[in-house]
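Here is the structure we will look at.
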Amino acid sequence: CASREPKMAASRRERRTCPCFSRFCLVLAVFTSLAVGQELFSRKVSMQYNPGCNIRECQSSSNDSDTDSHNNLVHILARGKRDSLHYVWSTIGAPTVLMVHTTSTQSKLTVDWEKLLKVGNKTIDGAITVEPGSAVDYSMAVIFNKIWEYEDLNDTSQLPDNKELFEPYDLSEMRWRDFNSTLNSTSLTGNFTGETNQTHMEPLFQNGTISFRIHAFNTEGRMSDLPHLQSTANQTQFDVTIDSVEPRGNMSRFAIELMFITQDKKGTHVDLKKSKSIDDEYTPGVFELFELTTAHGGADQADSYMQWKPVCYTDRKRSMGVATRANTYKLKDLKTTDLPQDTVARAYFPDLDQLQRKAVNVSFGLSKDGTYVASNYTSWTASVGYGDPPYETLSLLVIVVISTGLGIPVVIILFGGLFVCCRQKDKSAKEKKTESDEYNRTDDYSRANGSNTIN
């Protein structure tokens with residue numbers, strides 16, 4: 001009997017320990033399944049070049065001369081289960097991305113090409129429409145207006161006053177190559193590439209270009225290239241690149257002017273904010289994120305956004321070693337007359353005076369990085385989207401590593417403490433049983449002796 005008691009005690013400890021361990025494993029399994037198995041939001045996305053083109057001026061084959069500019073317009077259609085997003089990228093006028101959100105799954109983009117290209121002296125107003133108009137919920141546009149160049153003699157990397165700038169490259173006066181030759185309908189990408197048409201600046205573009213590579217997405221994820229911005233089915237991303245343009249100074253730097261126009265709903269406000277993070281997992285050394293958002297009234301959700309990280313790259317092969325700073329400046333108000341002519345934004349919005357109009361500059365470079373002259377290459381990435389911008393979160397890998405690092409010691413302490421408690425409890429019970437057995441034996445002995453004495 002004595003030999004069976006330790007085995008029975010061990011069995012009881014095992015039964016008490018196993019349920020705790022099982023519950024822990026169950027919680028871990030549920031957490032992992034939730035983290036991994038969450039369904040991603042997606043849309044059915046297509047990319048079409050010059051949709052509905054019915055005149056010679058908008059056909060690729062009509063612009064074969066090196067001196068002609070292609071009239072590029074790209075329609076990105078993103079269908080959801082209950083709504084649709086229309087993105088219109090174009091280099092007609094200044095490069096522009098127009099975004100229109102509708103509450104219909106059947107909404108359609110229409111382009112009046114004769115109006116848009118002002119064939120027969122027609123006006124551009126109303127050249128782009130989305131039908132049915134009653135389903136249009138929200139519209140906005142980003143215009144890429146100018147590329148600034150300045151001589152950074154003091155190596156501050158800060159954009160100076162206008163009087164210290166070289167004459168800017170006006171992006172509405174560019175000669176653009178055929179986008180259709182670069183369009184990839186599978187990866188949903190393509191390139192707008194151009195050289196200046198400003199006659200006295202053409203020699204600076206003998207081997208140089210300014211380009212916009214655009215991306216669309218049908219689900220959530222991250223770009224494979226640095227800075228690994230988050231991507232969603234509600235957005236489009238772009239890389240703006242200045243490549244081999246001859247600098248006009250010995251310490252030249254560049255900057256870009258972005259114009260932001262949006263519907264002026266009741267109480268609409270445009271905000272530029274910077275957020276910080278403790279995590280630089282996806283963009284090593286970068287802990288900041290900039291967001292230009294619009295919202296109306298007291299709404300918690302944004303209507304639209306533009307998002308970027310304060311980093312750019314000085315080589316085609318992006319890495320930490322060729323990363324430098326992208327500096328963001330304060331928002332400024334715009335007059336209607338400040339907006340470039342003949343863009344797709346003017347073709348869509350009937351009255352620019354009724355819109356919110358803002359501008360922001362982003363300059364490229366950091367003190368002591370050698371300026372643009374050191375590499376003759378600068379590339380910067382940003383995204384434009386509908387609704388709230390995606391926010392940075394810890395990846396599942398980081399969560400698992402942290403949980404493992406913190407969880408294993410906790411589990412060891414818990415199970416170690418449980419084991420010690422069980423041992424102490426069993427030891428106390430065993431001591432009590434031993435004392436009880438000794439007492440019983442003593443009592444039996446006393447009774448036996450007493451009985452013998454009487455006899």
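Reckoned from all heavy atoms, side chains included, excluding hydrogens, waters and symmetry mates. Index from 1, following the sequence.
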Practice problem: Could you grab the distance from atom OH of Tyr305 to atom CE of Met99, nearest 0.5 Å is fine? | Solution: 8.5 Å

Exercise. Please determine, by modelled atom types, if Thr105 and Arg79 share a side-chain donor-acceptor pair under 3.5 angstrom.
Key: no

Practice problem: Identify the two heavy atoms, one from Asn71 and one from Glu57, that lie closest to each other, and give their separation to 0.1 Å. | Solution: ND2-O, 2.8 Å

Self-check item: Carboxylate-amine/guanidinium contact Asp155 Arg253, below 4.0 Å
Solution: yes

Quiz prompt | Cationic N near anionic O, under 4.0 Å, Glu167 to Lys146 | solution = no

Practice problem: Decide, yes or no, whether a salt bridge links Lys118 with Asp342 under the criterion of side-chain N to carboxylate O below 4.0 Å. | Solution: yes

Quiz item: Looking at Phe349 and Ala141, what are the two nearest heavy atoms and their distance?
Solution: CE1-CB, 4.1 Å

Quiz item: Does any non-hydrogen side-chain atom of Ile242 lie less than 4.5 Å from one of Ile147?
Solution: yes

Exercise. List the steps, then state whether side-chain hydrogen bond (donor to acceptor under 3.5 Å, both in side chains) holds for Thr293 with Glu291.
Key: CA-CA 6 Å; Thr293 59; Glu291 294 171 349; over 6 Å; no

Self-check item: Residues Tyr348 and Thr129: side-chain donor-acceptor under 3.5 angstrom
Solution: no

Self-check item: Between Ser42 and Thr219, a side-chain donor and acceptor under 3.5 Å
Solution: no

Self-check item: Carboxylate-amine/guanidinium proximity below 4.0 Å for Glu288 and Arg325
Solution: yes

Practice problem: Flag the pair Tyr138 / His101 as yes when their ring centroid distance falls below 6.0 Å, and as no otherwise. | Solution: no

Quiz item: About how many Å separate CD of Gln356 and CG of Asp303, when rounded to the nearest 0.5 Å?
Solution: 11.0 Å

Self-check item: Flag for Tyr49-Asn72: side-chain donor and acceptor within less than 3.5 Å
Solution: yes

Self-check item: Identified ring pair (Phe, Tyr, Trp, His ring centres under 6.0 Å) partner of Phe254 from the options Tyr150, Tyr372, Phe364
Solution: Tyr372

Quiz item: Between Thr294 and Ser304, does any side-chain donor sit less than 3.5 Å from a side-chain acceptor?
Solution: yes

Quiz item: How far apart are the closest heavy atoms of Ala382 and Trp308, and which atoms are they?
Solution: CB-CB, 3.7 Å

Cut-off 3.5 Å, no hydrogens considered: what does the side-chain donor-acceptor table look like for residues 207-218, sequence neighbours left out?
unit_1, atom_1, unit_2, atom_2, d
Arg213, NH1, Asn191, OD1, 3.0
Arg213, NH2, Thr189, OG1, 3.4
His215, NE2, Asp239, OD2, 3.0

Quiz item: Does the ring of Tyr377 carry Arg318 above it, NZ/CZ under 6.0 angstrom from centre and within 45° of its axis?
Solution: no

Practice problem: Classify the side-chain pair His86/Thr102 by whether it contains a donor and acceptor separated by less than 3.5 Å. | Solution: no

Exercise. Can you see which heavy atom on Met251 is nearest to which on Leu153, and at what distance?
Key: SD-O, 4.1 Å

Self-check item: Value rounded to 0.5 Å, distance of CG in Asp353 from NZ in Lys335
Solution: 12.5 Å

Practice problem: Check the side chains of Thr96 and Trp89 for a donor-acceptor pair under 3.5 angstrom, ignoring hydrogens and angles. | Solution: no

Quiz item: Do the side chains of Leu116 and Ile92 get nearer than 4.5 Å, heavy atoms only?
Solution: yes

Quiz item: What distance do Thr343 atom OG1 and Leu98 atom CG have between them, rounded to the nearest 0.5 Å?
Solution: 9.0 Å

Self-check item: Check ion pair Asp68-Arg175 (N to O, under 4.0 angstrom)
Solution: no

Quiz item: Taking atom types as modelled and ignoring hydrogens, do the side chains of Glu173 and Asn197 form a donor-acceptor contact shorter than 3.5 angstrom?
Solution: no

Quiz item: How far does OG of Ser90 sit from CG of Leu73, to the nearest 0.5 angstrom?
Solution: 4.5 Å

Quiz item: Run the side-chain hydrogen bond (donor to acceptor under 3.5 Å, both in side chains) check on Ser172 and Asp170 step by step: do they pass?
Solution: CA-CA 5 Å; Ser172 65; Asp170 189 337; 2.7 Å; yes

Quiz item: Should Trp176 and Thr193 count as side-chain neighbours, where that means a heavy-atom distance under 4.5 Å?
Solution: no

Practice problem: Could you pull out the closest heavy-atom pair between Ser84 and Gln106, with the gap in Å? | Solution: OG-N, 4.4 Å

Quiz item: With a cut-off of 6.0 Å (strictly less than), are more than 12 heavy atoms of other residues, nucleotides or ligands near CG of Asp351?
Solution: yes

Quiz item: Between Glu220 and Phe41, which heavy-atom pair has the shortest distance, and what is it?
Solution: OE2-N, 3.2 Å

Quiz item: Under 3.5 Å, is there a donor-acceptor pair linking the side chains of Gln158 and Thr156?
Solution: no

Quiz prompt | Rounded distance (nearest 0.5 Å) linking atom CD of Glu149 with atom CG of Leu159 | solution = 12.0 Å

Quiz prompt | Close side-chain approach of Lys108 to Pro132, heavy-atom, < 4.5 Å | solution = no

Quiz prompt | Lys122/Asp112 salt bridge by N-O under 4.0 Å criterion | solution = no

